Amino acid sequence: MTKEKLLLLDGNSLAYRAFFALPLLTNESGIHTNAVYGFTTMLQRILEEEQPTKILVAFDAGKTTFRHETYTEYKGGRQKTPSELSEQFPYIRKLIDAYGIKRYELEMYEADDIIGTLANEASTQDMDVIVVSGDRDLTQLATEQVTVYITKKGITEIEKNTPAFIAEKYGLTPQQIIDMKGLMGDSSDNIPGVPGVGEKTAVKLLKEHGSVESLYAAMDTVKASKMKEKLVANEEQALMSKKLATIFTKAPIDITLSDLAYNGPNEEELISVWQELGFKSLLEKSDFTVQEEEQAPFDYEILEEVKQEHLKDVMAVHLELEDEHYHTCQQLGIALTDGAKTMYVPFDLAAKSDVLRLWLEDATKIKYMSDSKASQAALKRAGIRLAGVEFDLLLASYINNPALSGDDVATLAKELGYRNVQANEAVYGKGVKRAIPAIDALSEHASRKAFAVWSLQPKLETLLKENEQFELYKNLELPLASILGEMESEGITVNRATLEKMGQELNDKLIVIEQAIYAEAGETFNINSPKQLGVILFDKLGLPVIKKTKTGYSTAADVLEKLKPEHAIIEHILLYRQLGKLQSTYIEGLLKEIHKEDGKVHTRFQQALTATGRLSSTDPNLQNIPIRLEEGRKIRQAFVPSKEDWILFSADYSQIELRVLAHMSNDKNLVEAFREGMDVHTRTAMDVFHVSADEVDSNMRRAAKAVNFGIVYGISDYGLSQNLDITRKEAATFIEKYFASFPGVKQYMDDIVQDAKFNGYVTTILNRRRYLPDITSSNFNLRSFAERTAMNTPIQGSAADIIKKAMIDMDARLKKENMQAKILLQVHDELIFEAPKEEIALLEKIVPEVMENAIELSVPLKVDFNYGATWYEAK
DNA sequence: AGGATCACG
DNA sequence: ACGTACGTGATCCTG
């Protein structure tokens with residue numbers, strides 16, 4: 001075994017050094033990063049050069065230490081730590097944790113004392129010790145075993161203080177460094193020493209007498225001089241100074257050397273911290289991404305025929321797909337494992353195997369999978385109706401922590417410390433080099449995934465149960481996955497001809513507007529380029545600059561809206577933008593997504609993506625089809641039922657988020673408003689403006705509505721002022737009046753932020769969690785954002801819980817009633833169905849009934865509905 | 001690849 | 001005093 005090497009870092013001192021050595025760097029979110037950056041580069045270098053086996057970073061704990069008992073002025077008169085530095089300490093701690101390095105601080109003691117104590121302890125064992133600090137005092141710890149590294153010139157150079165080095169430099173032993181300081185003092189720590197004695201004198205005296213004590217013992221022999229008078233006059237002060245400068249090596253620490261083992265960084269975590277801080281150069285230099293995981297050998301078999309004996313009652317199953325577009329991509333193969341034997345079946349064989357198909361369709365045969373919805377949809381295309389999924393790694397991992405990104409098995413597994421599976425990128429390649437690998441690599445990759453799912457199932461279920469989230473996962477998300485899969489596979493019919501006709505008309509209009517803009521600008525340019533547009537508007541036409549972005553002038557709609565009276569071009573640009581958006585995103589974009597085979601679009605609902613528990617929709621996104629402006633709303637005319645004499649039926653929750661807020665805050669006034677079936681915005685206006693219901697005009701209601709939105713988002717006066725285009729002060733008054741009228745809401749908002757600070761997370765009605773690590777950040781921006789999130793997430797997330805539950809109940813009810821009606825889409829607070837006309841009456845009864853009773857709140861839920869021959873008409 | 005913009009709830 | 005509304009996805013431009 002190689003000799004142990006202990007690295008002891010003086011966290012505070014190194015952070016200070018780095019801070020003052022480097023210019024004030026900031027990252028994208030405006031946090032200063034120079035101290036963290038300097039600290040990191042220094043740490044990287046030392047790790048590389050020294051290869052320590054144990055590490056500790058020590059920090060100073062509080063302001064007072066035991067030294068203050070000796071001398072209350074200790075470290076007095078110091079400049080307060082600059083806020084640009086103090087805001088970096090949380091990141092330094094985060095970084096150290098990501099490295100897997102232990103850190104420690106102790107009340108009443110300084111980092112020096114922790115380091116001294118551990119260095120001392122290590123010296124009793126056969127261990128090399130390296131101490132790193134920016135503070136020269138630490139050199140007193142140097143021995144044959146302990147080398148003290150002191151940073152020089154900021155942090156770029158290091159001076160290695162061994163006893164020999166110190167002897168050469170000062171002619172003193174390391175212990176005499178303390179005496180030296182006792183005599184000369186230290187202005188930065190406010191240690192007085194003997195006035196008039198500097199380094200030279202101190203060294204000379206110590207060479208002659210050995211120590212402060214012996215110097216005073218031998219004072220009689222010293223020749224009378226000014227210096228002697230000073231020494232005599234300050235004897236007590238010299239002895240006290242020495243005492244203050246002495247590092248205490250018997251601090252009552254409760255860690256031992258064996259706690260300090262260093263096993264390398266948690267790469268995921270480190271990369272994420274570096275990304276957060278914007279350390280691009282370090283990310284590029286690091287070999288983390290290219291580093292191949294050392295793969296343990298893996299045993300599996302490629303089947304040439306699937307036999308009954310291969311298939312067990314409980315197995316992990318992985319359907320390997322060509323890419324994430326599971327409605328269109330090629331299915332490559334199926335891997336199966338029962339933990340003992342792992343098998344791979346090429347998909348062409350699987351598709352032909354009745355044995356395998358029957359097993360996959362058998363709900364009593366239990367399957368553990370990851371992203372079962374993707375598999376369900378891709379199998380359906382091959383005529384296989386997947387059933388019996390009892391575990392889904394993707395969903396379990398998402399419920400456990402929705403912040404974790406990755407959706408492939410390797411990423412999910414790695415987050416749980418399981419590494420015997422490769423990233424898709426490593427097997428398929430990326431960018432233009434991406435290709436389906438040969439059968440041996442492909443089959444092993446898929447097999448390892450199945451095995452990973454098998455291995456992680458117990459662990460995740462335990463984690464979920466510990467957090468009381470197993471119900472949410474098993475009874476909500478898992479069955480929902482199957483329903484969403486059916487919705488996606490069913491798809492919604494889009495009338496190509498309708499879109500193409502709209503596209504033609506739009507195109508004609510766009511050409512006219514484009515010419516008008518060029519004429520008004522006096523030249524042609526790319527209207528879609530904010531940069532070029534900015535030059536035209538603000539430089540050439542000299543319009544007033546209202547807002548700027550990072551990259552230049554802002555030309556966003558709210559800015560242009562204010563510029564409307566200034567120039568005729570503005571209106572044209574706004575119209576060009578509006579129509580251009582419709583053309584590119586909703587006409588051309590949607591046309592590209594229509595499947596030739598069935599004339600439908602098949603979106604993918606991302607079920608494990610949002611931080612709040614909502615779904616999202618991609619390829620195409622069917623959750624942001626225009627509705628607010630009439631021109632855009634017409635796009636909905638292209639969405640039609642799949643069969644003749646069918647209709648589209650749309651049902652949406654009225655004010656679900658405010659109802660959730662009423663329920664959770666239990667605010668008397670808000671609860672009463674909903675129980676009495678009042679218009680909540682009108683009610684808010686009455687309270688805020690102190691008027692009666694019939695005195696509320698449209699402007700008052702509009703303002704009240706904005707306040708209600710603000711409340712849901714985690715209000716700020718600035719945000720509200722921007723939204724309503726009023727002054728901050730006026731906005732603040734609104735908020736004040738709102739809270740006076742709805743004190744329960746105010747109480748809830750305060751409580752939820754407190755809860756989040758205490759727990760580190762917030763929860764929804766069905767116990768969905770969102771962690772908010774920034775809630776205790778010293779960075780104002782980050783903390784404020786986390787606070788607003790703490791207020792908003794339980795509301796948005798609980799609304800998501802409710803509609804998800806409604807979808808499950810709805811699916812069951814449609815089956816129970818033997819209906820042909822199908823749920824096609826979910827748009828956060830709205831469900832869209834298609835059904836034969838004959839079922840309209842029944843839908844009108846059961847849809848609101850099921851949705852309104854999905855979850856019982858202390859206020860009623862209300863559902864509005866409509867139907868028609870197109871989505872446009874179902875309003 | 002990231003920013004700006006804009007579509008939705 | 002600090003600088004903002006919460007949650008998404010698609011398209012276009014630019015470096």
Side-chain angles (χ1 to χ4, degrees), chain A residues 28-31 83-84 87 280 402 431 525-534 547-560 573-574 576-590 592-593 603-606 609-629 631-633 635-636 652-653 655-657 706-724 728 731 735 770 778-797 799-800 803 825-830:
Chain A
E28 295 149 348
S29 34
I31 316 156
S83 66
E84 292 87 354
E87 73 185 25
K280 299 206 177 87
F525 65 101
N526 187 343
I527 307 167
N528 282 320
S529 162
K531 196 178 162 192
Q532 292 182 36
L533 180 61
K547 201 165 71 177
K548 291 194 128 194
T549 66
K550 266 183 236 181
T551 50
Y553 306 118
S554 169
T555 67
D558 62 324
V559 173
L560 296 186
I573 288 164
L574 284 166
Y576 181 88
R577 284 244 180 99
Q578 189 201 328
L579 301 184
K581 180 87 177 179
L582 292 178
Q583 183 74 298
S584 63
T585 304
Y586 297 103
I587 303 286
E588 290 166 3
L590 209 46
K592 277 185 225 155
E593 296 288 344
T603 188
R604 297 192 324 274
F605 288 107
Q606 306 297 328
L609 185 146
T610 72
T612 55
R614 274 191 176 182
L615 302 175
S616 86
S617 159
T618 55
D619 301 318
N621 180 354
L622 295 180
Q623 292 182 319
N624 71 346
I625 301 302
I627 191 164
R628 290 172 191 169
L629 299 173
E631 296 92 317
R633 191 172 195 158
I635 298 285
R636 295 178 174 226
D652 67 291
Y653 283 108
Q655 308 293 355
I656 189 167
E657 292 192 337
V707 172
N708 279 328
F709 268 98
I711 292 294
V712 168
Y713 293 156
I715 201 151
S716 73
D717 51 9
Y718 184 86
L720 183 64
S721 74
Q722 288 295 300
N723 191 288
L724 283 176
R728 239 172 114 146
I735 295 168
R770 179 176 187 179
S778 57
N779 179 299
F780 178 85
N781 277 340
L782 291 179
R783 190 178 63 250
S784 304
F785 189 34
E787 287 170 356
R788 292 197 296 273
T789 310
M791 300 184 231
N792 173 262
T793 294
I795 301 173
Q796 192 184 117
I803 194 164
L825 301 175
Q826 186 251 46
V827 191
H828 311 307
D829 64 352
E830 172 186 18

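Order of the sequence lines fixes the chain letters, A, B, ..., with proteins taken first and strands second; residue numbering starts at 1 for each chain. Just so it is clear, the model here is predicted, and its values are computed rather than measured.
A:N723 comes within 4.0 angstrom of a base, heavy atoms only. Counting any heavy atom pair closer than 4.0 Å across all strands shown, A:R628 reaches a base atom. As judged by a 4.0 angstrom heavy-atom cut-off over every strand, A:N624 is placed among the base-contacting residues. Residue contacts for A:V827: at a heavy-atom cut-off of 4.0 Å it reaches the sugar-phosphate backbone alone, with no base atom in range. Within 4.0 Å of A:T793, counting heavy atoms only, lies no atom of the nucleic acid at all. Note on A:R728: a base of the nucleic acid sits closer than 4.0 angstrom, heavy atoms only. If you check every strand for non-hydrogen atoms under 4.0 Å, A:L609 touches sugar and phosphate atoms only. Among the atoms of the strands shown, only primed sugar atoms or phosphate atoms (P, OP1, OP2) are found under 4.0 Å from some heavy atom of A:I627. Within 4.0 Å of A:L720, counting heavy atoms only, lies at least one base atom of the nucleic acid. The residue A:S716 sits close to a base: some heavy atom pair falls under 4.0 Å. When heavy atoms are screened at a 4.0 angstrom cut-off, A:E657 is found touching no nucleic acid atom at all. Contacts of A:A706 with the nucleic acid, taken as non-hydrogen atoms under 4.0 Å apart, include base atoms. Residue A:A611 is classed as a sugar-phosphate contact, given heavy-atom separations below 4.0 Å to backbone atoms only. Counting any heavy atom pair closer than 4.0 Å across all strands shown, A:G714 reaches no nucleic acid atom.
Residues A:R577 and A:T555 have side chains that bring a donor and an acceptor to within less than 3.5 angstrom of each other. No hydrogens or angles considered: a donor-acceptor pair under 3.5 Å links the side chains of A:R770 and A:T793.
The same atom, C1', is picked in B:dC6 and in C:dA1; the two are 33 Å apart, to the nearest Å.
Between the side chain of A:S617 and the main chain of A:L622, a donor-acceptor pair closer than 3.5 Å is present. In this structure, the side chain of A:D717 does not engage the main chain of A:A731 through any donor-acceptor pair within 3.5 Å.
Contact annotation: side chain of A:S616 to base of C:dT8, donor-acceptor pair absent below 3.5 Å. Between the base of C:dC6 and the side chain of A:Q796 there is a donor-acceptor pair shorter than 3.5 Å. On a pure distance criterion of 3.5 Å, a polar donor-acceptor pair joins the side chain of A:R788 and the base of C:dT4. Side-chain atoms of A:R604 stay outside donor-acceptor range of the base of C:dG9, with no qualifying N/O pair under 3.5 Å.
C:dC2: no Watson-Crick or G-U partner with both key distances under 3.5 Å is found in any strand.
One interatomic measurement links the two molecules: CD1 of A:I625 to P of C:dT8, which rounds to 19 Å at whole-angstrom precision. Residue A:R783 contributes atom CZ, which lies 13 Å from atom C1' of C:dG3 at whole-angstrom precision. One interatomic measurement links the two molecules: CD of A:E593 to C1' of C:dG9, which rounds to 12 Å at whole-angstrom precision.
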